[in-house]
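One structure below.
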Amino acid sequence: MTEKYAVVVIGGGAAGLSAALVLGRARHRTLVVDAGEPRNAPAAHMQGYLTRDGMPPTEFLALGRAEIARYGVELVRDRVVEVTRAENLGGVQGKNFTEVQGRAFTEAQGEDSTVEPGEGFTVVLAGGRTVQARRLVVATGLKDELPAVAGVAERFGRDVLHCPFCHGWEVRDQPFGVLASSPASVHQALMVSQWSKDVRFFLHTVAEEELSDEDRRRLAAAGVEVVPGEVAGLVVEDDRLTGIRLADGTEHARSVLFLAPRAVPRTGLLEGLGAELHDTPFGAYPVVDATGLTSVPGVWAAGNAIGFAEQVVHAASGGYRAASAIVGDLLMTDLDAAAQV
């Protein structure tokens, strides 16, 4: 018999766990499927989350998993490989609302529901398990693709960084480098000047003439030195970054390098369901409303699944919003169905 859940949350990061916490507390039987690939895994600490500033991401996730378990939420380490609309799933099917409501807490404790879900989905896991859900939360995040520069991948999250809001305070006043990937990288070079007045902007594969007059004026005003020429690799001594080496052999002493990874949204499951996407400079993401509802009825998205710039605190908030909307949606659906019985 296929197991039935009120909600399946796909992704066990900040967004997914936050959604699961709200759903569990609302007495909905919830399953979290987590592939164990958090975007912030390379970072030793996370910053800027009130009361959690400086906490290791692994500790944050461990606390979140313990919290959702207290409310009967099930979490499995697996990967969702397919999601389809379930066929022939009715509403409350002859049950009145009192009976439905009375079973809610039992469902939250992990027992199968006898109430057939409506507007449901069939979710297939890589491990062979198949479950059904009335609603979905997609919190699959994104993958960062790093520039193909020798040494960058090995030091990413340590002294090769991407977000000054995440790491700027910890590396403040050190000699910064910024690796350009496009003319838009000017923005990153200007932003990091808030944390250091010694910033060099390595144009790498960007030609000098691609910079606008406004770019040049702002870089000069911020005291950012523009360095033309392709970057060949990093100089590392005693397991720390000490410089940036250009293709012509010249080296620039730097202890921090900022860059912009290429964001690769994990939207395959949403695309398979026919979700509408919109293009951004950082990839294509689902079109969502203020609660995270996608163009597919019954499917919400949260966290980096909806945008490149969702920090941990934003992701947790997005998961909360999605879950609270689902609670209301399920309640009204069941009330309307019960009223017609």
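The structure displayed is predicted, hence computed values, not measured ones. The figures here come from the full heavy-atom set of this structure, side chains too, leaving out hydrogens, waters and symmetry mates.
- Electrostatic pairing of D329 and R134 does not count as a salt bridge here, judged by no charged N lying under 4.0 Å from a carboxylate O.
- Not counting sequence neighbours, the partners of P265 by the side-chain contact (heavy atoms from CB on, under 4.5 Å) test are T267, Y285.
- Using a cutoff of 4.0 Å between basic side-chain nitrogens and carboxylate oxygens, R240 and D159 are not scored as salt-bridged.
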For residues 305-325, dump all side-chain donor-acceptor pairs below 3.5 Å to protein atoms at least two apart in sequence or in another chain.
from, atom 1, to, atom 2, distance (Å)
H314, ND1, Q311, N, 3.1
S317, OG, R321, NH1, 2.7
R321, NE, A290, O, 3.4
S324, OG, Y320, O, 3.2
S324, OG, R321, O, 3.0

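- Taking the side chain as every heavy atom from C-beta outward, Q174 and S255 approach each other to under 4.5 Å.
- Under 4.0 Å is where a charged nitrogen must lie from a carboxylate oxygen, and between E37 and R79 at least one such pair does.
- A salt bridge does not link D173 with K197: every distance from a Lys NZ or Arg NE/NH1/NH2 to an Asp or Glu carboxylate oxygen is 4.0 Å or more.
- E276 CD to T294 OG1: the interatomic distance, rounded to the nearest 0.5 Å, is 9.5 Å.
- From N304, atom CG reaches atom CG of D144 across 8.0 Å, with rounding to the nearest 0.5 Å.
- Nearest heavy atoms, V83 versus L273: O-CD2, 3.7 Å.
- Salt bridge status for R158 with D239: present, with a side-chain N to carboxylate O gap under 4.0 Å.
- Salt-bridge formation is not detected for the pair R216/E225: no Lys NZ or Arg NE/NH1/NH2 atom is positioned less than 4.0 Å from an Asp or Glu carboxylate oxygen.
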